[in-house]
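Only one structure is covered here, and it is reproduced in the block below.
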Protein chains: 2
Amino acid sequence: MEGNATLFDVARVAGVSLATASRAINGSARTVGAELREKVLRAAQELDYSPNVAARAMKRGHAEVVGMIVPDIADPYFSGIASGVMKAADEQGLMVSIASTRRQSEREAEYVAGFRRQRNRAVILAGSRTTSRAEVDRLRAEVERFEAQGGTVAAVSQRKLPVDTVVVENRQGARALAADLADLGYRDFAVLAGPRDLLTAKDRLDGFRAGLADHGVDLARERIVNGEFSRDGGYQAMEQVLAECDGVDCVFAVNDVMALGAISAIRARRLDVPRHLSVAGFGDISTLRDMSPRLTTVRVDLEKLGRLALEMILSSGDGVPRTHREKCQVVLGSSTPGPKLASRRSAARG
Amino acid sequence: MEGNATLFDVARVAGVSLATASRAINGSARTVGAELREKVLRAAQELDYSPNVAARAMKRGHAEVVGMIVPDIADPYFSGIASGVMKAADEQGLMVSIASTRRQSEREAEYVAGFRRQRNRAVILAGSRTTSRAEVDRLRAEVERFEAQGGTVAAVSQRKLPVDTVVVENRQGARALAADLADLGYRDFAVLAGPRDLLTAKDRLDGFRAGLADHGVDLARERIVNGEFSRDGGYQAMEQVLAECDGVDCVFAVNDVMALGAISAIRARRLDVPRHLSVAGFGDISTLRDMSPRLTTVRVDLEKLGRLALEMILSSGDGVPRTHREKCQVVLGSSTPGPKLASRRSAARG
DNA sequence: GTCTCCTGGGAAAAGCTTTTCCCATGAACG
DNA sequence: CGTTCATGGGAAAAGCTTTTCCCAGGAGAC
């Protein structure tokens with residue numbers, strides 16, 4: 001009973017050859033007589049046999065493991081996606097390895113290489129990719145090596161790579177948000193835009209600007225402030241807006257945690273949200289749903305993104321990359337009740 | 001250049017035997033002549049050789065992977081711990097596999113078995129364990145099998161298993177919190193206590209009660225309401241408190257997300273925190289730090305917990321389980337400014 | 001009745017590394 | 001100068017599974 005039973009033991013107990021035992025257990029193309037199969041399975045049960053995945057991986061060339069790469073697992077956005085991936089993987093009997101780049105996007109390629117060495121069956125790249133050409137090229141090269149080795153790759157919110165991709169409709173979402181805010185009467189916007197080379201951030205900014213343009217609202221260049229994609233980035237960008245921009249009605253932060261930082265910066269100035277300034281975010285992070293005022297944001301079903309990515313991997317196509325577009329939905333909260341009465345009145349008069 | 005170079009290729013190019021090549025690359029006990037080692041390393045570099053981890057795992061009996069089991073990766077508490085584990089693992093060149101039980105604690109044993117099959121080098125059990133005897137026994141049995149196979153196991157916030165453990169001083173933290181709240185003048189507490197069979201929840205409740213007792217404050221049994229360890233659990237438990245308990249000053253929720261739910265429940269009644277009721281939590285989740293009012297809570301350094309767990313695994317002891325106690329620290333926020341003026345005055349008078 | 005084909009079982013190789021065991025060379029020691 | 005070690009290199013086995021190839025027996029066809 002010490003150690004682990006091997007397939008050899010099972011075969012011996014069942015009185016068959018290794019080949020038959022393997023075929024009975026794995027259900028290969030070759031059929032096994034019902035009687036023998038029964039015997040093998042009983043022996044396996046009795047010995048509490050579990051296959052040695054290392055040996056299997058060596059022989060098959062890949063392990064039943066999917067690797068996942070996220071910028072930061074502690075960010076609720078990515079842990080939400082990871083949660084969806086893990087749930088779907090569990091249903092398929094797959095293990096999930098997670099690597100966090102800690103927002104150093106150049107490490108993504110490294111981790112893909114690492115997963116290749118691990119002979120993982122698939123890799124899911126989550127998170128907002130960089131727009132830096134050199135990095136994308138390096139990543140693409142690693143992805144190709146991974147695929148050359150027989151692996152499958154999928155991405156979430158990333159359409160720069162020739163792989164199956166779950167795209168969050170960042171543009172559409174931000175555009176709808178802008179439309180709704182304009183409908184509420186806001187006219188003087190500022191945007192906390194995240195890093196300049198982050199695709200997700202860029203898409204949300206572009207969409208937002210487009211939505212405003214639809215309503216004939218212009219977004220001045222100096223009202224767009226770049227910053228880190230994090231809570232602190234939002235705080236600092238907001239400080240800059242407060243210092244430099246006059247007459248701002250409503251601030252759009254390209255993600256929820258930036259919005260959170262922005263609200264803190266506003267309060268640090270002893271101003272109130274939404275009395276003095278309205279704020280909107282993007283993502284609808286669950287821990288923020290109970291915040292008061294309720295943050296206006298754009299809901300993304302994070303778990304669904306993860307699940308879709310895994311499903312794409314399993315149904316891996318005939319080589320031509322597919323794209324699944326996932327819409328998102330505006331959630332209006334009390335953080336954007338409409339512009340201050342004063343300005344609305346003056347607008348009505350004018 | 002197609003496929004991957006094997007150690008055999010390296011040996012051939014370097015003009016040495018497999019044994020020498022392996023020894024040069026892995027730095028075994030046997031020394032390799034400087035000249036040959038140099039040749040081997042150059043050949044490996046040239047061929048872009050990377051060892052086949054599956055073959056290595058098979059031979060060595062374990063893979064350089066640590067498995068981690070959490071109740072819910074989307075919960076910021078656990079993703080924080082996971083983040084610490086992953087950071088430390090990365091520094092050691094280890095991969096991390098994560099499994100989420102989705103709060104079904106009976107699945108923990110299953111996942112330990114899964115990691116055993118994967119021949120993972122170690123397992124980290126994170127999260128608040130059940131007090132159910134049968135489940136603990138089953139888990140202990142699986143842990144022993146894992147260790148029998150040569151693996152190491154560590155736990156975070158769990159002292160029911162004979163393994164290296166990072167213990168969060170839940171009792172101490174809750175006790176200090178109770179003391180501070182009592183010092184502020186609160187006397188009429190209610191506790192949203194989480195599931196009855198959850199050790200973490202129980203410890204926090206016990207510590208809180210002890211802290212109150214230190215100040216001569218009694219916590220009546222009917223002021224303790226059990227509920228799920230989640231946001232919704234907090235909401236429901238709070239509803240029950242609002243419906244059934246009179247004269248409550250201050251509510252202690254045994255974790256932050258429950259506190260969040262509680263605050264929502266209070267607001268749903270059109271009451272204000274902290275004007276009508278004060279609320280405290282436990283955990284100091286980062287996304288909640290910007291909430292207004294600032295939630296009074298007990299800070300736990302989540303990343304540190306994860307890092308410590310991994311370090312314990314690497315320095316795996318001589319068999320006798322070690323315990324690292326991690327203190328936590330009370331953070332007083334505006335959600336508990338002290339009891340309402342009215343009651344404080346009457347207390348002063350009486 | 002013989003030949004061919006198909007089904008299902010088994011032996012053995014392959015997959016890649018690590019490690020044991022053996023061997024040769026040169027140094028140290030008596 | 002002969003014996004004994006220590007050092008470093010190589011051949012080969014082990015670790016466990018999957019899969020190819022071979023083979024035997026039975027069924028069907030002519």
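Naming: A, B, ... by sequence-line order, numbering from 1 per chain. Just the heavy atoms: all of them, side chains too, but no hydrogens, waters or symmetry mates, feed the values below.
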Check your understanding: Are side-chain N/O atoms of B/Thr323 and B/Thr165 paired as donor and acceptor at under 3.5 Å?
Key -> no

Check your understanding: With respect to the phosphate group of C/dC16, does any side-chain polar atom (N or O) of B/Tyr49 fall under 4.0 Å of OP1 or OP2?
Key -> no

- Item | Pair A/Glu110 + A/Arg107, salt bridge at N-O below 4.0 Å | yes

From CZ of A/Phe8 across to P of D/dA14 the rounded distance in Å is 12 Å

From NE2 of A/His62 across to P of D/dT17 the rounded distance in Å is 17 Å

A/Leu7 atom CG is separated from C/dA13 atom C1', nearest whole Å, by 16 Å

From CE of B/Met58 across to P of C/dT19 the rounded distance in Å is 13 Å

Rounded to whole Å, NZ of B/Lys59 lies from P of C/dT20 at a distance of 8 Å

Whole-Å distance, A/Asn52 CG to D/dA14 C1', equals 13 Å

query: Do the side chains of B/Met86 and A/Ile98 get nearer than 4.5 Å, heavy atoms only?
result: yes

Subject >> Contact under 4.0 Å: B/Arg56 side-chain N or O vs C/dT18 OP1/OP2 >> reply: yes

Is the number of heavy atoms from other residues, nucleotides or ligands under 6.0 Å of A/Gln104 CD greater than 12?
yes

To the nearest angstrom, the CZ-P distance between A/Arg12 and C/dG10 comes to 15 Å

Verify whether one side chain among A/Asn52 and B/Arg117 offers a donor that lies under 3.5 Å from an acceptor in the other. no

Handout entry: B/Asp48/A/Arg145 ion pair, N-O < 4.0 Å
Key = yes

B/Leu36 has its side chain closest, among D/dG9, C/dG15, C/dT17, to D/dG9

The correct set of residues in residues 16-24 of chain B placing a heavy atom under 4.0 Å from DNA chain D is B/Val16, B/Ser17, B/Ala19, B/Thr20, B/Arg23

Regarding the side chain of B/Arg60, the nearest nucleotide among D/dT19, C/dG9, C/dT18 is C/dT18

When rounded to whole Å, the CD to P distance for the pair B/Gln149 and D/dG15 reads 15 Å

* Asked: Is it true that A/Glu91 and A/Lys87 make a salt bridge, defined as a side-chain N closer than 4.0 Å to a carboxylate O?
  -> no

side-chain N/O A/Asn26 vs D/dT18 OP1/OP2, d < 4.0 Å:
yes

